[in-house]
Structure formats: structure tokens, C-alpha cells
Amino acid sequence: ISMTGMMIETTKSIHSKSVKLRAPLNEYDSINMTAEVVYSIPHSPNKYQTGLKFNGSAQVRNSVFNEFVKLYKKPQAN
């Protein structure tokens with residue numbers, strides 16, 4: 001993941017021009033964003049690497065990036 005997009009691995013090639021992303025933050029809030037599909041190429045048997053470019057202003061992209069990092073950051077051991 002980066003400030004402008006992310007690469008994901010999928011089991012099928014994505015042929016649409018854009019996708020809607022949704023990641024729950026908690027019971028009430030979620031990240032909702034549209035991303036442009038830049039590429040979707042075979043990677044290994046039954047796996048594809050798909051490049052996504054986030055849409056929106058730099059401020060929106062920065063906010064989404066920070067929320068994704070918070071979601072997937074491993075908790076620190078005490």
C-alpha cells in the first residue's frame with residue numbers, strides 16, 4: 001500500500017475500469033473509496049496481481065492510507 005494506491009492479490013483477473021473498496025473501521029464506520037484498476041496480471045497458478053490507484057484529492061488519499069495502516073498494523077508487545 002502507498003499514498004496513491006495498492007497492489008492486491010486476487011483469484012480472478014479484474015476486468016473493470018474501477019472498483020469500490022470498503023474496509024470496516026469499527027461497528028459504525030468504514031473506509032469507502034473508489035480506485036482505478038491499473039493492471040491485473042497473472043502471478044502464479046490461479047492468482048493475479050492487481051494494481052489499484054486511489055481516486056480523490058491528496059487529503060482524502062492520505063486519510064485513507066493512514067486508516068488502512070491503522071487497521072493492519074500489528075499490536076506492539078508490552
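Computation of the quantities below employed the complete heavy-atom set of this structure, encompassing side-chain atoms and omitting hydrogens, waters and symmetry-equivalent molecules. What you see is a predicted model, and the numbers here were worked out from it, not measured in a lab.
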Original post:
Got a donor-acceptor contact below 3.5 angstrom from the S2 side chain to the G5 backbone?
Top reply: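 Checked: pair present.
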
Original post:
Quick check: does any side chain N or O of N62 sit under 3.5 Å from a backbone N or O of A58, one acting as donor and the other as acceptor?
Top reply: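 No: the side chain of N62 does not pair with the backbone of A58.
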
Where is the tightest heavy-atom contact between [X] and [Y], given as atom of each residue plus distance?
X	Y	result
M33	V60	CE-CG1, 3.6 Å
R61	F54	CD-O, 3.6 Å
I31	E67	CD1-CB, 3.2 Å
I14	S40	N-OG, 3.0 Å
M6	I1	CB-CA, 3.9 Å
K12	Y48	C-CD1, 3.5 Å

Original post:
Given the rule that I, L, V, M, F, W and Y join up when any side-chain heavy atoms are under 4.5 Å apart, are I8 and V38 in one cluster?
Top reply: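 Per the 4.5 Å side-chain linkage, I8 and V38 are not co-clustered.
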
**OP:** Give a yes or no on whether V64 and V19 share a hydrophobic cluster (residues Ile, Leu, Val, Met, Phe, Trp, Tyr; joining criterion: side-chain heavy atoms under 4.5 Å apart).
**Re:**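 As far as the 4.5 Å side-chain criterion goes, V19 and V64 are connected within one cluster.
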
[atom1]-[atom2] distance between [X] and [Y], expressed to the nearest 0.5 angstrom:
X	Y	atom1	atom2	value
N55	E36	CG	CD	6.5 Å
S13	Q49	OG	CD	12.0 Å
L52	T4	CG	OG1	11.0 Å
N32	L21	CG	CG	9.0 Å
K47	T50	NZ	OG1	12.0 Å

Subject >> Enclosure of N46 CG (heavy-atom neighbours >12, cutoff 6.0 Å) >> reply: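 It does not: N46 CG has 12 such atoms or fewer within range.
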
**OP:** Verify the neighbour count for atom CD of E9: are there more than 12 heavy atoms of other residues, nucleotides or ligands below 6.0 Å?
**Re:**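 For E9, atom CD is crowded (more than 12 foreign heavy atoms under 6.0 Å).
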
